[in-house]
Each structure stands twice: as structure tokens, then as C-alpha cells.
Amino acid sequence: MTTRRFWVFIEQVEGNVHPVSWELLGVARDLASQVAAEAEEKGDAVVVEAVLLGDKVEAIAQEALGYGADRVYLIDDPVVAYYRNCPYYKGIAAVAEKYAPEVFLIGATILGRDLAGAVATALHTGLTADCTGLEMGEVRGVKHKLLLATRPAFGGNIMATIVCRQHTPQMSSVRPRVFPMPEYDPAAEGEIIREPLGVTEAGALTCILEFLHHQEKSVDIEYADVIVAGGRGLETPENFQLIQQLADVLGGVVGASRPCIDAGWIDSAQQVGQSGKTVRPKLYIAAGISGALQHKVGMQNSDFIIAINSDPQAPIFEVADVGIVGDLFQVIPAMIAQIEAYQQEAAT
Amino acid sequence: MFHALVAIKQVPDTTNIRIDPETGNLVREGVPAIMNPYDAHALAEAVKWKRKLGGKVTVVSMGPPSFITTIREAIELGADRGILLSDRKFAGADTLATSYVLAAAIEVIHKEEPISLLFFGKQAIDGDTAQVGPGVAVRLELPILTYATKIRAVDLENGFVTVERHTEHWVEVVETPMPTMLTCEKEIAEIPFAPLPDLIRSLRYDPEIWTMSAGPLEFDKQQVGVLGSPTIVFKMGTPPLPEPGEKFNTREVGVEKAVKLALDKAAAAGVLQAVLGGAQ
Amino acid sequence: MNKHIGFDAIVVGAGLAGSAAALVMAREGLNVALVERGQKPGSKNYFGGAIYTHAIAEVLPDFMERKPKFERPVTEAGFWFLAEDGLTKMVTQGGKLNAEPADAYTALRADFDLWWAAQAQAAGALLIPKTTVVDFIRAAGGAVVGVMTDRPEGEIYAPVVIISEGVNNLLTQKLGLIDHDLEPAHQALAFKQVISLPAKEINARFGLPDANHGVAASVLGDVSLGLPGMGFIYTNKKTISVGLGVMLDTLAEYQLRPYEVLQRYLEHPAIAPLVAGGQLLEYGGHLIPEGGWHDMPQLYTDGAMVVGDAATMVNALHWEGTNMAIISGKLAAETALEAHQQSDFSVRTLAGYEARLKEGFILKDMKQYRRFSRFLETHPEFMGTYPAFLNDALGGFFSAYGKPKRQLFTEIYQSLTGRRSLFQAAGDMLSMGRAVLGW
Amino acid sequence: MKRGDAFSVKKLPAQLRESLPAVYVDDWLVSIKYFVDEEESHLKIQEDELCARCEDKPCLYFCPVNVYTLGSDGRIQVAYQACVECGSCRVGCPYDNIEWKLPRGGYGVAYKFG
């Protein structure tokens with residue numbers, strides 16, 4: 001009997017866990033269930049496990065159990081108080097070599113992508129970056145199911161499904177907000193296993209001299225509940241004011257499609273799409289965005305999409321839950337007024 | 001001496017990719033090939049420091065002979081030497097095999113002329129993997145600073161570099177011993193408009209071409225190309241499209257009515273209540 | 001001190017005229033810089049269009065062996081007269097059009113110009129891309145001795161410069177060879193879509209046996225809302241080029257948006273089936289200097305010559321321009337070679353360029369057609385009335401109404417005279433003749 | 001201002017005017033490859049005042065890529081990024097009010113088909 005291990009890296013900074021880690025525990029549980037039948041046939045065990053590094057972060061390990069991990073490998077060491085590539089990848093690679101996970105998922109965040117490539121190379125295995133779809137499936141010539149990792153390529157115009165046939169772990173970095181957040185079970189139980197880091201401060205190679213905090217908090221569109229996004233149809237950068245007004249009424253933030261970024265109309269942090277951010281708000285309003293594929297892949301998982309475009313053929317309508325064909329300079333002011341009226345009505 | 005190594009890749013301009021509606025395949029006709037923009041910015045920074053400290057910039061790339069144009073472009077932007085790692089056996093490489101070939105070549109270059117800093121773009125715009133840089137760094141056991149936005153200081157005497165790199169939360173100021181690898185964001189440097197003499201030199205420049213064995217090293221054929229790649233493409237397809245929702249045309253029903261009908265749909269789905277609840 | 005960047009000759013612009021000039025000079029051993037502002041040759045170039053092989057052959061007799069980047073040979077050519085809801089075609093096939101190599105091939109400029117410039121490079125010219133020439137370097141007496149580009153340390157010296165800058169004649173103006181911007185009334189704005197369709201589908205829709213056959217059509221009438229302008233359709237291998245040219249002043253006067261006019265054309269009941277299901281690959285626009293003879297700048301000065309569109313070498317009625325560009329480039333190059341032989345780059349030698357042009361067809365044609373661009377302005381009926389009449393007349397002729405034929409002919413006759421009196425019609429024909437034949 | 005007199009607005013018959021379909025040209029522009037010069041616009045309006053006085057503002061119509069639009073403040077906005085360098089505005093501006101340069105070498109439109 002063997003144990004098939006589905007691993008998730010838990011990303012934390014100063015004790016704050018990146019939500020993608022929990023999303024991945026959810027998808028890892030789902031993947032594990034997809035091999036349950038074939039594992040049972042062979043008498044194999046299937047487990048979901050988390051890997052966590054940090055300094056005094058045991059509470060997070062406990063939380064990981066609540067989000068669905070059966071077991072947490074915890075490397076608690078002052079050297080990894082803050083993320084640095086070398087100690088992190090060496091510590092993780094050592095634990096992975098010891099327990100031989102079958103699948104290893106890492107959030108495709110800035111930190112995660114820095115880490116994943118290094119771990120994969122150290123373990124001499126394959127890594128599929130920036131995935132938006134995962135499933136366990138049959139692959140010809142392989143006796144057990146493999147991880148089928150799907151990712152957009154070429155600016156989101158193509159979806160490629162990648163497999164790693166003979167090497168383990170099968171690694172993927174996964175975009176935030178692609179998978180839903182799992183239920184949290186405060187009563188969940190499981191094991192926390194402490195592992196040594198095996199890297200001293202001297203071996204860390206780099207030294208962080210200081211942290212510079214952003215002067216102004218950049219707009220965080222990735223986890224916003226409401227995004228109002230503008231495209232070329234706005235015609236001028238000044239017209240983002242109108243988008244901002246609508247976003248304000250809805251308590252949301254402003255996003256943009258690539259042409260606006262290319263034209264320098266708005267900060268690239270606000271770009272939604274393949275070359276920007278993947279978002280999954282409760283409400284996404286696309287105004288004057290034609291809906292090139294590269295934009296759609298970044299927002300089509302939104303819970304509800306309203307598209308406003310003067311061209312009834314605009315591809316954005318293909319992904320919209322509801323569309324308004326018309327001049328956005330007329331539609332948006334009307335929408336603002338109606339939402340305000342709606343709010344007042346709801347308040348009384 | 002300051003010696004910067006810059007790894008560059010030629011990529012199809014992804015803003016111009018389209019899919020053949022009949023076959024579902026990628027149409028490459030009419031798609032311009034460009035230097036990966038992140039690499040170009042990394043190169044610009046390398047050249048800036050060369051101009052400041054004296055020294056040399058070497059560029060290296062792995063790809064088919066058509067990549068020569070991109071190497072020439074690097075010369076135009078101020079690189080001194082260009083090496084193209086090109087062999088049909090390298091084809092089909094995933095990031096692991098690519099990092100092997102680059103690391104092996106860089107090791108040889110380093111032996112000839114010790115490298116101070118390695119510059120990579122943060123990712124290539126065709127694959128967007130951001131894996132090759134970290135992979136090469138691990139193979140060469142070099143410190144790596146990804147998402148570098150600024151080089152504050154290069155201390156050749158003591159062998160240290162101070163770099164700003166951004167994370168999701170803040171900008172870190174990091175010091176590491178050289179040689180070190182940086183994967184660079186676009187803001188690390190503006191791409192300069194090359195002087196005419198540099199452009200003319202680049203037009204006449206023939207890069208060195210290293211193949212499996214014709215070059216200063218022999219590559220391990222188990223580690224290159226398809227053989228050295230653990231991942232394979234299982235299938236390709238166009239992204240699936242959901243069922244489109246209803247459209248209301250302002251020309252037909254008027255602006256007010258169209259907006260109302262749309263918002264009613266959002267309300268019926270419970271969305272409006274959910275988000276406005278949060279706004280109050 | 002920077003070392004001088006020096007050449008025997010500089011060509012500004014790697015289009016059809018420029019690359020032809022560079023090729024001819026480099027082949028004779030001159031050290032030639034071919035300066036192109038685009039990312040590569042063809043990046044900035046745009047046309048309907050078709051390339052005429054007689055001009056290519058004059059520069060490069062063995063061109064067919066060098067695998068020119070043609071699309072399809074033009075095996076069917078003609079006029080399509082578009083009424084509001086109908087189409088009458090006057091086309092010719094076979095005969096001369098079946099020659100091998102063909103008289104004309106459809107082409108896409110991004111491909112063709114790259115190939116054409118590569119022939120100049122193969123002859124030894126140095127192509128310097130991504131560099132915009134902004135001014136000239138002049139000797140004390142005013143003679144051109146080089147160009148200034150927009151790059152740092154961007155001066156290039158040469159005793160002779162061939163200006164192949166295209167319709168936006170900024171440099172030609174800078175040299176004082178023409179003292180005014182071209183007038184909107186003499187410029188056609190051409191705009192088109194390149195639409196992707198499977199080759200088989202193109203063959204079927206245009207009635208072509210295979211991809212070695214192609215159509216070039218001039219489309220008149222409703223295409224430009226009956227206003228001065230002309231549409232076109234060219235079949236390429238796996239794409240079709242559909243667009244039109246409308247006089248710039250017409251667009252301004254009638255407040256027409258080019259893309260709306262083009263979309264209307266694409267939606268025309270006779271055109272829509274030809275483009276149905278196709279994917280837009282590229283839209284764009286370009287000016288055509290249709291002023292002809294009257295707008296032609298002085299063609300040479302000390303140390304410089306002007307070729308191609310910059311010299312307004314376009315024959316609007318025949319859609320000719322590419323051939324005139326190539327020939328003018330060749331003739332300027334031959335003049336530059338003579339100047340090198342005589343070590344005299346002044347107007348004394350360079351006047352030979354105009355003399356060479358006069359020997360060939362270009363200046364003769366331009367002179368003959370000198371009234372044509374004005375003709376369209378003053379005779380809009382050729383754009384509206386006559387195409388509509390033709391459709392009515394032929395439509396009537398080939399319909400069985402169950403009426404006496406005499407009545408039919410009366411109706412046809414009236415459909416003309418209702419639009420234009422016979423006297424006016426006769427006058428129109430006379431003016432047309434004058435414009436075309438140069439009476 | 002010789003060119004200022006060159007055209008006077010003429011009325012298109014209503015039937016023809018109505019036959020013109022509305023086109024959202026931005027959707028066509030995505031088919032065009034540009035190397036945008038972020039640093040400098042090659043098109044500049046010299047005097048806003050002249051544009052304000054220009055009655056017909058033909059640039060709003062004839063530009064094939066809709067570079068010129070009327071801002072909400074009544075000023076002409078110039079989206080030079082979309083320019084295909086045809087030169088229509090250069091010769092067509094009635095008051096010669098557009099400073100028209102070629103983009104820097106390598107920048108601007110780069111036709112893929114032409």
C-alpha cells in the first residue's frame with residue numbers, strides 16, 4: 001500500500017495567509033476525490049497535506065486543517081520569518097524528497113511563482129505555471145490518473161493542458177480566484193508535523209535590508225467584490241472618472257482592459273486579463289470593452305457580468321450574464337442614478 | 001570587470017495572436033516576432049550599468065536560427081557579444097530542459113569571463129511561466145532576486161549588489177553577493193533609442209551559434225529538448241465559452257429601460273443586494 | 001569626434017521605389033544605405049492592390065526565380081458597377097491575362113516589400129530599419145550631402161540621396177521641391193479590410209478554378225455613395241482585400257467616416273456574400289496622391305532626387321502607381337550611377353533623371369491623364385448615375401416582364417434621360433475621353 | 001488659410017445618410033499592430049483656440065481610425081496611439097493646425113498585411 005499525497009503550499013506573510021492557499025486546499029481535496037476509486041481498488045491511501053514555512057506560525061497550521069488538510073508539514077524557523085527564495089526552496093525540496101508527494105500545488109502569486117520554479121528545478125520535475133484548470137485524468141500509457149493542468153497561453157488565446165508523465169511531484173502553480181474558497185471547519189482535526197529547515201542564515205544568500213511600503217495603497221482588484229472596468233470605448237483617460245463614479249456607487253474598484261494600459265491611461269495594476277489579473281468579483285461591469293480573448297480569460301469567472309458596448313456584436317457579450325447595447329456615456333449615468341434610487345429604496 | 005549576462009527570448013507578439021476558426025490552431029502568419037519585452041528592459045539595465053562601470057554585456061538565447069534577429073536587436077541596444085544556443089535537439093524543451101541548456105552555457109561563459117550579474121526578464125509573454133530564471137539560478141546555485149525593479153548599487157570591489165524587488169505587499173531592499181541573478185520588471189529601465197552607429201553595428205553582427213557539440217561545450221542529450229522535458233502538452237484548445245446572457249438594446253427600448261432591465265436581472269440573481277449590502 | 005558614417009548613396013524609404021533604387025545602385029557596386037522608418041520594410045506600406053510585373057522585370061529580369069511574395073496572378077480584371085441593390089460587371093478573363101508570369105499579381109505589402117527590400121540587400125545594400133530621416137545635411141552651396149535621422153549620432157553622409165518617402169512628402173517640402181502641402185481635393189484616402197477566408201472558399205465565391213487564379217476589380221457607383229471615389233476587391237491566397245478610395249475633400253464635405261462607408265460597402269447585398277464568415281485580419285488607411293501632373297514636385301536638386309508617391313507618380317484611373325514607383329526608382333538610380341561616374345552630383349547630371357522619365361511611359365501617361373483627377377471632381381455622375389443606369393438597363397434587358405420589348409427599351413432610355421439628359425450624357429462622354437486620352 | 005476655404009459642408013441625402021451603418025471602429029483597430037511611442041505624440045494640435053473656432057471640424061470625420069474625438073470640454077482629443085500615419089489630417093486640417101511628424105524610427109503603425 002502506498003500513500004498518494006496531494007500537497008498544497010501555504011503562503012503566509014507576517015502571519016497573513018494568502019487566500020489562494022485555502023482555495024488550493026479545496027481543489028486538492030477535489031483532485032484527491034477524483035482518484036479515490038482507483039486508489040481504493042489498489043488499497044492505496046489518498047491524503048491532502050499542506051506545507052507551511054514561517055516563524056511561529058503554528059496557528060496557521062491549525063487553520064490549514066480547518067480548510068481541509070489532513071496533515072501539515074511545518075517548518076518553523078526564524079530564517080524563514082520572511083520569504084527568501086533560497087531557504088524556502090531548499091527547505092521545501094528536502095521535505096518533498098522525504099515524503100514524495102504525487103501532486104504539489106502552489107498559488108501563482110508573486111511569491112509562489114518565485115518559489116515554484118526553484119522547487120521544481122531542485123526536485124527535477126515538471127511544473128505547469130499559472131493554471132486555471134485542474135483535474136485528475138487518464139493518460140494513455142500511464143496506469144494511474146495524472147494531473148491534467150490547464151493554462152492559458154499566447155495571451156489567453158489558447159488553452160493548453162499539460163501533463164507531467166514520469167516525474168513527481170506533478171507541480172502546478174495556480175492562479176488566485178480561479179477556484180472557490182472551501183468551507184472552513186473549525187472542528188477539523190489532523191496532524192501537524194514539524195520539519196527542520198536545514199538552512200542557516202549564512203546559507204540564505206540574500207539579506208533583506210529594509211521594506212519600503214507603498215506610498216499609496218494600490219487598488220487591489222484581485223479580491224474586490226465589485227469591479228467596474230473600462231476599455232477603449234472610453235476614448236480618453238479622463239473618462240475613467242465616469243467609471244470611478246459607478247464603482248463608487250457600488251463600493252467597488254476600477255479595472256481596465258489592456259489597450260487602456262498600453263495607452264498609459266491607467267495603472268497596470270488595474271489591468272484585468274491574461275497579461276494582468278484574474279478576477280472573480282461578485283459583480284463585474286465591462287464598459288466599452290470589446291472583449292478580446294485575453295481580457296475574457298481574466299474575468300469570465302466573475303459571478304455576474306454586465307457588459308455595456310455600443311456594438312451588439314462585441315465578443316464581451318458572449319460572456320456577459322446581461323448586456324446593454326448602447327452608448328456608455330448615456331448608459332452609465334443612467335445606471336448610477338438607478339442604483340442610487342435602488343439604495344434609497346432599500347434604506348427606507 | 002563588470003560582466004553582465006542577459007538571457008533573451010524571441011516571442012510572438014501575443015497582442016496579435018489569432019486562432020484559425022476552422023482548425024482551431026494558432027495562426028502564426030502575420031504575427032510579428034519581437035524580443036520579449038521584459039528581457040529588453042533587463043538588457044537596458046545591464047547596458048546602463050556597463051556604461052557606468054565599464055565592462056561587457058553578453059546576451060544568450062536558446063532558439064531556432066530565426067532568433068538571430070533578436071540577438072542583433074540586443075547588440076543594437078548595447079550588448080557586446082551574442083550567443084545563440086541553437087540545435088534541433090533543443091526543440092520541444094519545457095522550462096526544465098531550457099534551464100539546463102542555459103545554465104550549462106552560462107557556466108562556460110562564466111569560466112571564460114566571470115559574470116557579475118545575470119539579467120532575465122521576469123517572464124516571457126508567450127508562455128508567461130516565469131520559471132526559467134529561477135530554474136537556472138537553482139542549477140547554478142546562485143542567489144536569485146525575482147521581480148527586480150531597481151538596482152541601487154553594484155559594489156564590484158566587495159562583490160555585492162543591492163536591489164529593490166517588489167512583492168505583493170511591499171518593496172524589499174535586498175543585498176546579495178555577486179554573481180547573482182535578477183529577473184526584471186519593466187520599470188527596471190527604459191529601453192533606449194539606440195544611437196545609429198550601434199544600430200549599424202548590429203545589422204552587420206553575426207552571433208556565435210552553439211549547437212549540441214559545435215561550441216565550447218557538449219550538452220547532455222538526455223537533458224535537452226523533448227527528452228529532457230518532464231512535461232508534455234496533452235491537448236490544446238480554445239477557451240470554452242459560456243452561454244451568453246440576454247442583451248437589451250438602448251436603441252430599441254431606450255437607455256433608462258435597458259439599464260433597468262439589466263439591473264433587474266442582477267437583482268433577480270441576488271447580485272445587487274449582495275454587493276450593495278457591502279457598500280452600505 | 002565620431003567617425004563619419006558615409007555611403008555612396010542614401011535611399012530614404014524601403015518601399016517599392018526605394019528598394020528598386022537601392023537594388024540598382026548596389027548591384028553596380030555602390031555602397032548604399034537604405035533607410036527605413038518602419039520596424040521592417042513593408043511595415044508602413046499600404047495599397048489595394050496588385051503589383052505589375054513589367055516594372056519588376058525591368059529591375060530584376062530573373063525575379064520569378066527569386067520566389068517573389070505574390071499572392072495570386074490577376075486572371076480576371078474589370079469594372080464592377082454597383083447600384084443600390086444590384087451589380088453589373090464588366091470583366092475580362094483569359095487572353096493576355098493568362099500569360100506566365102502574369103502581367104499583375106495581387107500582393108500584401110508587408111510581405112512583398114520585405115521580399116523586395118531583401119533583393120536590394122542581396123545586391124549589397126545596407127538596410128537600416130527603425131530609423132526616421134528628419135532632415136538633410138547640406139553643403140555650403142545648399143547641395144544635399146547626407147541625411148539626419150532621429151537617432152542619436154544619426155547623421156549619414158552620401159553625395160546623392162534618393163527620396164522615396166511616400167505620400168507624406170515632408171522631406172520633399174523641406175528641400176523646397178514643392179512649396180505646398182498637397183490639397184485634400186487631390187488626395188484619395190484609401191482604406192480597406194484584409195479579410196481571411198479559406199482558399200477554397202475564395203475560389204468558390206469568385207468562380208476561380210484554383211489559387212493560381214485571381215480577381216482584381218474596380219468597383220464604381222454605390223460603393224462610394226455615388227460620390228467621387230472608387231472601390232476595389234483583390235483576391236489573395238487566403239485573404240481578400242476589400243476597400244475603397246474616396247477623395248479626402250469629399251469625406252470632409254459630406255462628413256463621412258471612412259469606416260462607415262467601408263462597412264456599408266461590405267454589407268452591400270452583392271458584396272456581403274463574398275466576405276461572409278471571413279475574419280478581419282487588418283484594417284488600415286493610406287493617402288494616394290492623385291494630383292498627378294499638376295502636383296508633381298520638381299524632381300531633382302543638387303544631390304537629391306524624388307521618386308514614387310513623393311513625386312505623385314500615380315495613375316488613378318488605372319490603379320497604377322506601384323509600377324511607376326519602381327521605374328522611377330530605377331531611373332533615379334541609373335542617374336545616380338551616372339553621377340558617380342562623372343563625379344558630379346549637381347543638377348547638371350541629376351537632370352538626367354527627368355530626361356529618363358520622359359523617354360518612358362511615366363511622364364507621358366501622367367501628362368495624358370493630367371485632367372483625370374479634376375474630371376472626377378467635376379463629373380460625379382460617373383460615380384452615381386451611370387452605374388445605377390447600367391444596372392437598371394441590363395437588369396431590364398435580361399428580365400422577362402411580359403411586356404413588348406419596345407416598351408422595355410423606352411424604359412431603359414428613360415431611366416437614363418431621367419437621370420441625365422442625352423445632351424449632358426454626350427458631354428460627359430466627351431469629358432471622359434478628354435480626361436483619359438489627354439485631349 | 002487657403003485650405004480653409006477648400007470645402008464647405010454639403011448635405012448627404014437623408015436616405016444615404018441613414019444607409020451608413022454605425023461602426024465601433026475600435027473593434028477594427030485591434031487588428032492593427034502598433035509600436036506605441038509612450039514618450040511622445042507625433043501629432044499635436046498647435047492652437048486649441050483654432051479648433052474651437054473651426055466650425056466643421058472635418059478631422060472628426062475623415063480620420064480613418066478616429067484619432068480625433070471631441071472631448072466633453074469641447075476640445076479635440078488626439079489619440080495618437082491609433083494613428084496609421086496616413087496624413088489625412090496633415091493635409092485635411094482646414095487651418096493647418098496639426099503639427100504632424102513621423103513617429104520615431106520603429107514606432108507607430110506596423111502593418112502585418114498591408
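Per chain, numbering begins at 1; letters A, B, ... match sequence-line order.
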(request) Output the distance between atom CG (A:Asp130) and atom CG (B:Asp128), rounded to the nearest 0.5 Å. (result) 6.5 Å

(request) Tell me, for B:Tyr147 versus chain A, whether the close heavy atoms (under 4.5 Å) come from the side chain, the backbone, both or neither. (result) side chain

(message) Can you tell me which of B:Glu141, B:Gln131, B:Lys122, B:Glu172 forms the most heavy-atom pairs within a distance under 4.5 Å of chain A?
(response) B:Gln131

(message) I'd like to know if B:Arg251 and A:Asp327 make a salt bridge, using a cut-off of under 4.0 Å between side-chain N and carboxylate O.
(response) no

(message) If I measure from the heavy atoms of chain A, does B:Glu187 come under 4.5 Å with its side chain, its backbone, both, or neither?
(response) neither

(request) Any chance you could measure B:Phe234, atom CZ, to A:Leu148, atom CG, to the nearest 0.5 Å? (result) 5.5 Å

(request) Report the distance from atom CG of B:Leu272 to atom CG of A:Leu250, rounding to the nearest 0.5 Å. (result) 7.0 Å

(message) Let's test your reading of the structure: which of A:Met335, A:Arg113, A:Lys282, A:Lys90 forms the most heavy-atom pairs below 4.5 Å with chain B?
(response) A:Arg113

(request) Under 4.5 Å, counting heavy-atom pairs only, tell me which of A:Ile324, A:Leu146, A:Asn85, A:Ile308 racks up the most with chain B. (result) A:Ile324

(message) Can you classify the ring geometry of A:Phe211 versus B:Trp170 as parallel (below 30°), tilted (30 to 60°) or perpendicular (above 60°)?
(response) tilted

(request) Heavy-atom distances under 4.5 Å only: say whether A:Ala116 touches chain B with side chain, backbone, both or neither. (result) neither

(message) Between B:Ala130 and chain A, with a heavy-atom cut-off of 4.5 Å, which part of the residue counts as in contact: side chain, backbone, both or neither?
(response) both

(request) Under 4.5 Å, counting heavy-atom pairs only, tell me which of A:Gly126, A:Ser310, A:Gly133 racks up the most with chain B. (result) A:Gly126

(request) Under 4.5 Å heavy-atom distance to chain B, tell me which part of A:His124 shows up: side chain, backbone, both or neither. (result) both

(message) I'd like to know if the side chain of A:Gln338 and the backbone of B:Glu256 have a donor-acceptor N/O pair within less than 3.5 Å.
(response) yes

(message) Using heavy-atom distances under 4.5 Å, tell me whether B:Leu263 contacts chain A through its side chain, its backbone, both, or neither.
(response) side chain

(message) Using side-chain heavy atoms (C-beta onward) and a distance below 4.5 Å, is B:Gln273 in contact with A:Tyr342?
(response) yes

(message) Under 4.5 Å from any heavy atom of chain B, what part of A:Thr125 do you find: side chain, backbone, both or neither?
(response) backbone

(message) When you measure from the side chain of B:Thr250 to the backbone of A:Val325, do you find a donor-acceptor pair of N or O atoms at a distance under 3.5 Å?
(response) yes

(message) Out of B:Leu261, B:Val11, B:Val259, return the one with the most heavy atom pairs under 4.5 angstrom to chain A.
(response) B:Val259

(message) Minimum heavy-atom separation for A:Arg151 and B:Gly127, please, with both atom names.
(response) NH2-O, 2.6 Å

(message) Within the 4.5 Å heavy-atom criterion, are A:Leu205 and B:Thr176 side-chain neighbours or not?
(response) no

(request) Would you check if A:Asp321 and B:Lys265 make a side-chain contact, meaning some heavy-atom pair closer than 4.5 Å? (result) no

(message) Rounded at 0.5 Å granularity, tell me how far CD1 in A:Ile208 sits from CZ in B:Arg165.
(response) 7.5 Å

(message) Given heavy-atom pairs under 4.5 angstrom as the criterion, report whether the side chain, backbone, both or neither of B:Thr162 touches chain A.
(response) side chain

(request) Output the option from A:Val119, A:Val139, A:Thr128 having the highest count of non-hydrogen pairs under 4.5 Å with chain B. (result) A:Val139

(message) Which atoms of B:Glu164 are under 4.5 Å from chain A, going by heavy atoms: the side chain, the backbone, both sets, or neither?
(response) side chain

(request) Under 4.5 Å heavy-atom distance to chain B, tell me which part of A:Cys86 shows up: side chain, backbone, both or neither. (result) neither

(request) Determine whether A:Val163 and B:Thr231 make a side-chain contact, defined as any pair of heavy atoms from C-beta on separated by less than 4.5 Å. (result) no

(request) Side chain from CB out, backbone as N, CA, C, O: work out which of these in A:Asp303 comes under 4.5 Å of a heavy atom of chain B, or both, or neither. (result) neither

(request) Counting only heavy atoms closer than 4.5 Å, note whether A:Ala122 contacts chain B via side chain, backbone, both or neither. (result) both

(message) Quick check on the interface: out of B:Val233, B:Ile232, B:Thr180, B:Val255, who has the most heavy-atom pairs with chain A under 4.5 Å?
(response) B:Ile232

(message) Rounded to the nearest 0.5 Å, what separates atom CD1 in A:Ile162 from atom NZ in B:Lys235?
(response) 11.5 Å

(message) Donor-acceptor check, side chain of B:Lys247 to backbone of A:Pro312, threshold 3.5 angstrom: yes or no?
(response) yes

(message) Quick check on the interface: out of A:His18, A:Gln170, A:Gln166, who has the most heavy-atom pairs with chain B under 4.5 Å?
(response) A:His18

(request) Would you give the length of the straight line joining atom CZ of A:Arg84 to atom CG of B:Leu145, rounded to the nearest 0.5 angstrom? (result) 11.0 Å

(request) Measure A:Val331 against the heavy atoms of chain B and call it side chain, backbone, both or neither at under 4.5 Å. (result) both

(request) With the side chain counted from C-beta on, respond yes when B:Thr167 and A:Leu111 share a heavy-atom pair under 4.5 Å apart, and no when they do not. (result) no

(request) Among the options A:Ser173, A:Pro281, A:Ala129, pick out the one with the most heavy-atom pairs lying under 4.5 Å from chain B. (result) A:Ala129

(message) I want to check something: taking the side chain as every heavy atom from C-beta on, are A:Ile339 and B:Leu276 in contact at a cut-off of under 4.5 Å?
(response) yes

(request) Write down the atom of A:Ala120, the atom of B:Leu96, and the distance for their closest heavy-atom approach. (result) O-CD1, 4.2 Å

(request) With a 4.5 angstrom heavy-atom cut-off, could you sort out which part of A:Val13 is near chain B: side chain, backbone, both or neither? (result) side chain

(request) Taking all heavy atoms of B:Pro134 and all of A:Ala118, pick out the closest pair and write down the distance. (result) CB-N, 3.8 Å

(message) When you compare the side chain of B:Arg139 with that of A:Thr121, does any pair of heavy atoms fall below 4.5 Å?
(response) yes

(request) Quick one: closest heavy-atom pair of A:Ile110 and B:Glu168, and the distance? (result) N-OE1, 3.0 Å

(request) Give a yes or no on whether the backbone of A:Leu209 and the side-chain of B:Glu175 come within a donor-acceptor separation of less than 3.5 Å. (result) no

(request) Using non-hydrogen atoms and a 4.5 Å limit, figure out which bit of A:Glu14 sits close to chain B: side chain, backbone, both or neither. (result) side chain

(message) With a 6.0 Å cut-off (strictly less than), is the heavy-atom count around CD of A:Glu210, excluding the residue itself, greater than 12?
(response) yes

